[in-house]
Amino acid sequence: ISPALTLAIPEVDLANVPENGRLNEAKRILSEEARRPFDLENGPLIRVLLLRLADEDHVLLINMHHVISDQWSLGVLAREVTALYNGFSKSLSPSIDGLRPQYADFAIWQDQWLSPERLDAQLMYWKTQLADMEPLVLPTDDPRPSVQTFRGSYQSLNLSPGLVERLNRHAAHENATLYMIFLAAFKALLCRYSGQQDIAIGSPVANRSRLEWEEVVGTFINILVLRTDLSGNPSFRQVLQRVRQVVLDAFTNGDVPFEMLVKEVQSGRDPSRSPLIQVLFNFQSTPAAKIDLLGLSWMPFEIDQSSSQFDLSVTVDPEITRKILIAYNTDLYKADTITRMLRHYQRLLEAVAANPDHAIGTVSILTDEERRQLLQERNDNDVVFPQSCIHELFEAQAQKIPNAVAIEFEDQQITYKELDRRANEVAHRLRPMGVKPEALVGICVERSIELLVGLLGILKAGGAYVPIDPAYPPERIAFMIQDSGMAVLLTQQKLLEHLPQNGYLTVCLDTMTEVATSESTPSLSTAQPGNLAYVIYTSGSTGRPKGVEVEHRSLVNFLHSMKKKPGMIDRDVLLSVTTVSFDIAALEFFLPLTVGD
């Protein structure tokens, strides 16, 4: 501690700045000054800046590093500055009692108070209380950076006097404090947000347990880790009693400095998170700084808060400003999310003030507007789906745009009209083989235009296709053919030698096309939306592969929904990359073939 300090007070004259931009310029300068780092090795750790806005209008910034000051110290400093200013304004030589304890006295006392026995006992409590504690994982708007950032902002919400009064009465009835009420409600909110029942957050305490420390400037503050079990969907009354006991135990063992607790309790550090806690809860009970300067009127000058030490830092001040303030990391949360969180906290406080016996998991925290959005806007599922089969949607497109290109494969193209004609030829070949609604037809074809011709041909005949990837092992192909009971299999000439030879009829699409391209016949399908469109086999992850039946209406409804969101129009091109044996292939094949006006 330096024995003396000569402190310069630079002045910035803003009187020449246009009046309509003067305050914004002052806030910019003060924000930059507040963010300017201190030299912890050489000091000083206090800086003062005076802005002149006009002859009788000034802004004074006193900027101190947290290592030499805390919230309580600001009140002490305000009282001393007031006494000195008023004394000098009367041409007196005021002085401050230099015989009272100083921060160095507190440091010596703390070393003596924290005897090895007392320290070991308190550390044992914390090691037991925080054993196996998992991080609090709240949903964020953006992914958590691998290294924690401290960019921040803040928002606030006003508390009504009536709500504070009701909560005060409930606190008195439960032999608790208003601090415990607000803390319990905030923990209940975090439980709802995270889905976790083991909620641990930090809470700063003044740590001025002796009367002689109340007029000392310095960092006395300590952070307590308050861990509460909220399992079992308890009522708020039960949550309050759990929080009350945790707070009392923590205060009893609250002499261990937080940095020592981190060292003793946390085995490893995660650079993406602050140690032990990610959320801070601060209840403003520090005596208000009374500033009454002779000949002057004054008011606080707020500047933007652009940093956040934790993911979330909540400050509740129910008495003086009657506000709830949340400082938040802007790399994790967007402003709208914090606005919503404040509203939910307020709703929860109002609900528990009205009925503390409600289970915290059932208390509604939604605003009327959010409830309307969820139940009406976002739950508006009154959709009229096409009452058609998938091939009928394709046929409608072929009628509208017959000469448009339907498929491109390598250097080949085929129009809607040609694709429709060739699929009809396949359908006419299949009908005499017994293919009708609910009949299963296998298709084992390499990726090609023939693959789409075959799929549409099966549907146009009224049947349902069973896709088989030619790359499958022979055992898997044989199982699918036998298990499905298919009577017909569409394939290509070159694949025949790899397929089982018994129990089904075979149609080779490549040789059939060579002899039948001149035919032009209409569709023969009598299938209805409730009939099968295809049977897709699972991967067999549970042991034995199973065929999953999908009806026309299910596929049509799915494509109809995808057509609207994310949306597709007739000018779009979709690249099909999925194997035909995977379910999403139906989307890639049929969505672009059925879209357009």
Side-chain angles (χ1 to χ4, degrees), residues 373-408 414-420 422-424 426-427 437-441 443 449 451-467 522-538 547-597:
Q373 288 177 347
L374 286 174
L375 298 182
Q376 297 180 25
E377 289 184 13
R378 299 180 184 177
N379 200 38
D380 182 9
N381 55 7
D382 186 13
V383 179
V384 178
F385 291 103
Q387 298 300 308
S388 304
C389 294
I390 189 65
H391 58 277
E392 292 172 341
L393 296 181
F394 164 74
E395 290 169 349
Q397 285 301 100
Q399 289 291 323
K400 292 178 183 177
I401 48 174
N403 297 318
V405 174
I407 306 171
E408 289 187 9
I414 186 173
T415 64
Y416 276 87
K417 179 179 179 180
E418 180 67 8
L419 178 58
D420 187 47
R422 290 176 58 178
N424 284 337
V426 173
E438 301 300 307
L440 301 184
V441 179
I443 181 165
I449 288 178
L451 176 60
L452 271 297
V453 170
L455 293 174
L456 286 169
I458 295 170
L459 296 174
K460 282 172 169 283
Y465 66 86
V466 181
S523 171
L524 301 173
S525 176
T526 58
Q528 300 298 314
N531 290 127
L532 291 181
Y534 64 91
V535 173
I536 198 92
Y537 270 79
T538 66
V548 179
E549 299 177 336
V550 179
E551 297 175 351
H552 277 273
R553 60 188 169 196
S554 299
L555 179 56
V556 168
N557 292 354
F558 175 51
L559 297 183
H560 184 72
S561 300
M562 296 299 292
K563 177 181 176 180
K564 292 189 173 183
K565 190 175 182 179
M568 190 171 187
I569 60 177
D570 56 354
R571 293 185 298 276
D572 291 331
V573 175
L574 192 147
L575 179 64
S576 174
V577 296
T578 306
T579 173
V580 68
S581 60
F582 190 58
D583 197 37
I584 203 65
L587 169 74
E588 296 182 0
F589 290 151
F590 298 123
L591 180 61
L593 291 178
T594 58
V595 168
D597 296 326

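Small disclaimer: the values here were computed from a predicted structure and weren't measured.
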Under the side-chain contact (heavy atoms from CB on, under 4.5 Å) test, which residues partner Q376, sequence neighbours left out? R372
Hey, are the side chains of T526 and P437 touching, using non-hydrogen atoms and a 4.5 Å cut-off? yes
Using modelled atom types and a 3.5 Å cut-off, is there a donor and acceptor pairing between side-chain atoms of H552 and backbone atoms of I390? yes
Over all heavy atoms of both residues, which pair between A398 and Y416 is shortest? Give the atoms and the distance, please. CA-CB, 3.9 Å
What's the spacing between F589 CZ and I584 CD1 if we round to 0.5 Å? 11.5 Å
Quick one, I414 with R422, criterion side-chain contact (heavy atoms from CB on, under 4.5 Å). Give me CA distance, side-chain angles, the key distance, then yes/no. CA-CA 10 Å; I414 186 173; R422 290 176 58 178; 3.9 Å; yes
With sequence neighbours left out, write down each residue that passes side-chain contact (heavy atoms from CB on, under 4.5 Å) with A396, or none if nothing qualifies. none
Take L452 and L593 through the side-chain contact (heavy atoms from CB on, under 4.5 Å) test and state the conclusion after the steps. CA-CA 10 Å; L452 271 297; L593 291 178; 3.9 Å; yes
A427 to A461 - nearest heavy-atom pair and separation: CB-N, 3.6 Å
Just checking Q399: does its CD atom have more than 12 heavy atoms from other residues, nucleotides or ligands closer to it than 6.0 angstrom? no
For residues L587 and P592, report the shortest heavy-atom separation together with the two atoms involved. O-CD, 3.7 Å
Those residues at least two apart in sequence (or on a different chain) that pass side-chain contact (heavy atoms from CB on, under 4.5 Å) with Q528 are N531
I'd like to know if the side chain of K460 pairs up with that of N424 as donor and acceptor (distance under 3.5 Å, no hydrogens or angles considered). yes
Minimal heavy-atom distance between S388 and L393, with the atoms involved, is CB-CD2, 4.0 Å
One pair to check against side-chain contact (heavy atoms from CB on, under 4.5 Å): I536 and F582. What are the steps and the verdict? CA-CA 7 Å; I536 198 92; F582 190 58; 5.9 Å; no
Atom pair CG/NE2 of L555 and H560 - distance to nearest 0.5 Å: 13.0 Å
E418 side, atom CD; I449 side, atom CD1 - distance, nearest 0.5 Å: 9.5 Å
Rounded to the nearest 0.5 Å, what's the gap from CD on E408 to CG on L575? Could you check? 11.0 Å
List for me each residue that meets side chain to side chain donor-acceptor pair (under 3.5 Å) alongside S576, sequence neighbours excluded, and say none if there are none. R447, E588
With sequence neighbours left out, the residues meeting side chain to side chain donor-acceptor pair (under 3.5 Å) with D583 are Y534
Rounded to the nearest 0.5 Å, what separates atom CD1 in I401 from atom CD in Q397? 5.0 Å
Mind checking side-chain contact (heavy atoms from CB on, under 4.5 Å) for V535 and listing every partner two or more places apart, or none if nothing turns up? L440, V466, L532, Y537, E549
Quick check for you: to the nearest 0.5 Å, what is the distance between F394 atom CZ and D420 atom CG? 5.0 Å
Closest approach of P529 and C389, non-hydrogen atoms and distance? N-SG, 3.8 Å
T579: partners by side chain to side chain donor-acceptor pair (under 3.5 Å), with sequence neighbours left out: D469, S581
Sorted by chain and number, sequence neighbours left out, salt bridge (Lys or Arg N to Asp or Glu O under 4.0 Å) with E392 holds for none
Mark yes or no for whether S554, through its side chain, and V550, through its backbone, hold a donor-acceptor pair below 3.5 Å. no
